[in-house]
Amino acid sequence: MLTALTFIFMLTAAFAVLGFIAVSAMFLIWWERKVSAHIQSRFGPMRVGWHGVLQSIADAVKLLLKEDIRPARADKLIWWLAPFFAVVPSVMVFVAIPFGRTLVPRDLNIGILYIMAISSVCVIGVFMAGWGSNNKYSLLGGMRAGAQIISYELPLVLSIIAVVMRAGTPSMQKIVASQGSCWNIFHPDMMLVSVIYMISATAEVNRTPFDIPEAESELVAGFHTEYSGMKFAMFFVGEYTNLFIVAAIATTLFLGGWHGPILPPVVWFLIKTYALVFVWMWVRWTFPRVRVDQLMAFAWKVLTPAALVNLAIVGWLLLKR
Amino acid sequence: MAVIKSAEAQTRKQFERRRTERIPAAKFIHKLPGGGLILATSESILKWGKASSLWPMTFGLACCAFEMIAAGASRFDIDRFGAGVFRASPRQCDVMIVSGTICVKMGGCIRRLYAQMPEPKYVIAMGNCAVSGGIFYHDTYSVVKGTELLGIPVDVYIPGCPPRPENLLFGLMKLQEKIRNEKNAAR
Amino acid sequence: MKKMRQDEIFADIKAVFPEIQEEAGSGAAVIPKDLLLKVARYLRGEPLAFDNLHCVTAIDRKEKIEMVYILYSVSKRRALTLKIYLSPEDLNIASLASVWRSADWLERETYDMFGVVFSGHPDMRRILNPYDWKGYPLRKDYTHPEFIPKPRL
Amino acid sequence: MNMSQTKDIRTEEFLINMGPQHPSTHGVLFLEVKLDGEIVVDCTTHIGYLHRSMEKIAENRTYTQFIPFTDRIDYVASMNNNLGYVTAVEKLMNLEVPERAKYIRVIVAELNRIASHLIGIGTFAQDLGAFATPLFYCFREREKIIDIFDRICGNRLTYNYMRIGGVQFDLPKGIDETIKQFIAYMRPKLDDYDTLLTYNAIFLARSKGIGVLPKSLAIDYSVSGPNLRASGVRWDIRKEEPYLVYEKMEFDIPVGVNGDAWDRYKVRIEEMRQSLRIVEQALGALPEGDPTVKAGRIQKIAPGEAYMRTENPRGELGFYIVSDGSTYPYRLKIRAPSFSNLALLPELVKGLKVADIICVLGSLDILMGEIDR
């Protein structure tokens with residue numbers, strides 16, 4: 001029953017989440033440039049504010065000012081809609097992510113199912129960008145993105161089902177509650193699942209070694225070759241928000257969400273998430289890129305069978321208990 | 001050469017138009033009490049944003065390209081100035097660093113690249129060859145003697161053959177300074 | 001493996017092709033134009049095994065164009081320079097692209113710079129200058145509107 | 001959908017221009033690639049976007065005036081170009097070079113070979129997707145070599161250090177100490193590259209067995225340098241026709257096994273180790289004496305011609321100089337190694353994937369300045 005109070009609560013929760021997304025995207029962009037710089041034994045942004053802290057704001061202001069070019073024979077509607085499909089799903093996913101004991105916008109009882117459904121909408125955005133910009137490189141990038149994300153969706157969902165079976169309910173809060181005593185990752189049968197999740201999540205978010213869709217060296221800039229100004233910024237923000245979401249889901253499912261000894265739950269959740277994000281950044285700046293057919297072979301021939309076998313083991317263990 | 005001359009006139013016109021960037025409703029805000037102050041601060045913020053996040057295009061022609069990469073590398077890190085994001089597609093970059101000898105066969109491509117860049121765009125002519133043909137000025141039939149001849153308005157000239165990475169960084173700082181004092185028609 | 005000296009190689013070739021003379025200055029083998037393909041196939045063959053056409057170029061001697069082929073034998077570690085004199089009027093010669101594959105680009109560059117047409121070449125186009133370039137730049141009598149000569153010392 | 005059904009689906013080839021401005025074509029190379037999905041059907045190369053008419057300039061410059069131009073032919077290994085040109089002119093004049101100058105030239109050329117190979121490896125890793133990290137590590141090492149050159153001849157990239165008959169300046173005091181420190185610093189770094197890149201699973205998957213160059217094809221295309229040695233041909237001009245003091249140096253030639261992209265990369269790493277050994281020996285045996293040139297700037301050379309090839313980091317760089325007795329060369333032909341190395345790209349790339357074109361191109365380590373002259 002929609003009373004005035006719940007409406008106000010939802011409104012504040014929405015604005016809080018939007019604010020958090022904007023800030024975290026800005027922070028992640030800055031953090032990635034600093035982490036990659038220090039990996040490469042250089043400094044990264046220094047001159048723009050203390051240690052380049054204001055760098056992301058400067059980038060945002062500049063991208064606001066850029067002229068928004070639409071290629072002549074681009075497919076107008078698809079071209080215009082593509083950035084929204086890349087960003088809006090990743091914002092909608094935040095509804096079900098448990099930041100703290102009570103700090104969750106809306107604890108859906110079908111939590112993880114909702115997240116999986118929404119986050120696979122991003123593929124359409126990438127595909128539309130590839131097709132809409134009427135440029136051969138983006139078309140190739142878009143096709144590759146479609147193939148890659150769909151084929152890595154399978155091991156991702158299978159590994160999540162294993163967790164849901166163990167926790168008994170898809171609701172995120174209850175999954176976190178079930179890990180009160182011991183985090184999922186330390187259960188023997190859950191270790192392989194978490195590895196499978198990590199790998200397929202990297203592919204889901206198009207990060208090296210699976211960043212085929214916007215491979216700098218082959219396709220000039222992949223699916224967002226033709227985008228400039230704010231549209232390109234939307235893709236950029238979408239990519240980093242996806243990265244945060246994937247890390248947040250990983251902490252909720254495997255690292256015990258907001259469980260932690262003394263610090264308040266929200267702080268624990270953020271520490272774990274940003275630690276995982278750091279691992280992904282670390283991977284991005286050290287590994288070369290996998291070729292498209294190797295990527296597909298790896299998904300279908302290695303990850304999916306492993307996820308299925310693991311599912312069987314978890315099921316058998318549950319029956320035995 | 002006739003083709004290059006007409007391109008030059010057309011880009012000159014574009015060059016002038018870019019200087020007078022309009023802040024919408026500037027006249028109206030100005031009448032409000034304290035409007036001038038708001039306009040001034042917003043104008044300086046916009047210019048600060050433009051200046052401190054100049055994304056160069058990966059566009060190396062000859063020897064200067066390796067000095068540009070060295071400038072981007074660990075020792076002379078150009079990313080300290082916020083300019084380290086080398087975007088490959090011309091749509092997403094603001095600065096075209098013409099680094100190397102411009103040949104006749106490449107002239108058309110450079111003009112097309114310049115045209116593809118979105119509007120607040122700047123050009124740094126790096127190295128003697130991009131400034132004026134350099135040591136390939138005499139006795140060559142296939143070298144365009146300077147970026148200006150392509151009809152591309154150049155913002156910063158960096159002499160040197162090849163200029164040291166510090167020169168490129170100094171040129172970049174000069175460009176940032178130029179952007180900060182750009183005459184924006186806020187009035 | 002003892003390296004055969006220049007004159008031993010020369011004696012071998014002279015036995016098969018009597019028309020060959022030895023150029024005074026550089027010790028290169030000068031052959032008439034129509035013999036080129038036969039000599040090339042013989043050099044490529046087993047006894048001499050020149051399997052590497054290292055460099056093809058031309059020199060504009062104003063009254064004749066001198067074609068220079070520098071050949072190497074990687075297996076037998078030997079070197080040989082072939083020269084052919086062409087009169088400036090009929091600048092076409094047999095292409096060696098069928099014998100050595102490196103000839104393809106080298107001959108295209110010689111055509112681009114000197115205008116020597118190689119008959120039988122897979123794709124006879126300019127390689128360095130724009131495809132619609134007029135004139136052959138490395139000719140001594142070549143002029144170009146933007147050509148700014150440097151004052152001679 | 002069995003084979004018969006797929007036959008009547010009309011598929012069209014997909015033409016992609018990897019145009020003159022592309023992040024990984026090592027400069028201004030234009031590749032027109034015809035794709036069937038991801039597989040390359042045909043690839044034609046268009047070069048000449050950096051054609052600066054070097055040979056026409058050479059005919060209007062005296063022998064000494066042309067030396068700065070040789071720096072800019074292969075602008076990553078300028079010392080080796082100087083060496084090639086200057087030894088060609090000395091062979092034409094059969095001029096004797098002071099012993100110390102020969103040793104200095106060997107040291108400087110080998111250091112520049114290491115710098116050039118570092119760039120070759122860095123860009124190859126970047127083309128395979130390891131974005132910028134290996135490249136910046138290689139540049140960090142290269143900066144150390146460039147500091148040494150900065151002290152020797154005052155410039156970072158185009159040194160103009162060698163003269164006909166010797167070198168421009170003698171080595172500054174204490175430079176051998178810096179070079180020894182560099183050698184000690186560089187050796188463990190090469191092992192780092194092995195751990196970071198050479199035996200990295202993805203790197204192997206991306207480069208093993210790609211762009212295999214058989215021995216006969218390599219010789220037929222007159223490929224030279226690390227690309228030829230990677231195909232198993234033991235051919236190095238420093239051993240075949242030793243010039244300067246290479247016959248006094250003992251170093252071995254790394255030879256690859258099956259000539260694929262990974263072998264070409266591995267040969268370059270081994271060659272860097274050998275070059276370090278050469279520099280060490282040359283530094284140890286550096287004789288006393290005055291390497292600088294006393295002869296006047298304008299030399300009149302008797303009519304004649306000479307062809308001299310030297311082992312450039314990218315292959316055999318040959319200078320064919322014809323003189324007609326005046327102070328200007330009558331004809332100067334530069335035989336660039338990358339020119340022939342690039343000629344076989346279409347042959348290597350047929351049937352591979354789009355990503356492999358860039359991998360093969362990176363492994364050939366070509367340089368547009370040298371190809372277009």
Side-chain angles (χ1 to χ4, degrees), chain A residues 29-30 32-49 51-72 74 133 135 137-138 141 214-233 235-236, chain B residues 14 17-18 21-24 42-55 57-59 69-95 113 115-122 165 169 172-173 176-177 179-180 182 184:
Chain A
I29 294 173
W30 171 76
E32 164 120 62
R33 280 177 81 162
K34 289 302 268 186
V35 161
S36 70
H38 288 297
I39 288 179
Q40 293 158 3
S41 65
R42 58 187 172 90
F43 282 113
M46 294 293 278
R47 287 294 175 88
V48 190
H51 269 286
V53 167
L54 306 176
Q55 181 59 51
S56 301
I57 298 166
D59 286 347
V61 163
K62 182 214 71 176
L63 284 171
L64 269 172
L65 288 169
K66 291 297 276 187
E67 172 197 4
D68 192 2
I69 294 178
R70 187 187 62 229
S133 39
N135 165 337
Y137 284 124
S138 5
E214 29 99 14
E216 257 78 31
S217 46
E218 296 117 38
L219 324 168
V220 172
F223 56 89
H224 43 68
T225 312
E226 290 297 340
Y227 283 89
S228 68
M230 264 330 269
K231 287 199 173 69
F232 171 68
F235 277 111
F236 226 50
Chain B
Q14 194 186 23
R17 192 173 56 73
R18 184 185 75 197
E21 211 148 22
R22 294 248 163 281
I23 293 188
S42 63
E43 186 187 304
S44 64
I45 290 169
L46 293 184
K47 278 191 269 184
W48 166 78
K50 263 201 289 189
S52 52
S53 123
L54 286 163
W55 291 359
M57 189 201 303
T58 46
F59 171 64
I69 300 170
S74 309
R75 185 172 176 186
F76 300 99
D77 188 6
I78 205 167
D79 203 8
R80 286 175 294 142
F81 301 90
V85 182
F86 277 86
R87 293 302 304 173
S89 114
R91 291 277 192 257
Q92 286 132 22
C93 42
D94 324 318
V95 182
L113 279 174
Q116 282 173 348
M117 285 165 72
E119 196 27 63
K121 51 193 174 185
Y122 303 95
L169 297 182
L172 189 77
M173 285 152 75
Q176 287 178 338
E177 212 177 285
I179 294 170
R180 281 201 192 88
E182 226 171 28
N184 262 13

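Side chains included, hydrogens not; waters and symmetry mates left out as well; all remaining heavy atoms used. Just so we're on the same page: letters track the sequence lines, and every chain starts at 1.
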Among the listed options A:Pro45, A:Ser228, A:Gly52, the residue most often paired with chain B at heavy-atom distances under 4.5 Å
A:Pro45

Classify the angle between the aromatic ring planes of A:Phe232 and B:Trp55 as parallel (below 30°), tilted (30 to 60°) or perpendicular (above 60°).
perpendicular

With respect to chain B, which residue among A:Ser41, A:Gly44, A:Ala37 yields the maximal number of heavy-atom pairs within a distance under 4.5 Å?
A:Gly44

If you compare all heavy atoms of A:Leu65 against all heavy atoms of B:Pro120, which two are closest, and at what distance to 0.1 Å?
O-CG, 3.8 Å

A:Leu54 versus chain B, the contacting section by heavy-atom distance below 4.5 Å:
both

If you take all heavy atoms of A:Arg47 and B:Met173, which pair is closest and at what distance?
NH1-CE, 4.3 Å

Using side-chain heavy atoms (C-beta onward) and a distance below 4.5 Å, is B:Gln116 in contact with A:Ile69?
no

For B:Phe81, give me all partners under ring-ring contact (aromatic ring centres under 6.0 Å, His included), at least two apart in sequence or on another chain.
none

Do B:Gln92 side-chain atoms and A:Tyr227 backbone N/O form a donor-acceptor pair below 3.5 Å?
yes

With sequence neighbours excluded, residues passing side chain to side chain donor-acceptor pair (under 3.5 Å) with B:Asp77:
A:Arg42

Is it the backbone or the side chain of B:Ala51 that comes under 4.5 Å from a heavy atom of chain A, or both, or neither?
neither

Tightest non-hydrogen contact, residues B:Ser74 and A:Gln40, listed as OG-O, 2.8 Å

Comparing B:Ser53, B:Ser52, B:Gly84 against chain A, the one with the most heavy-atom pairs below 4.5 Å turns out to be B:Ser53

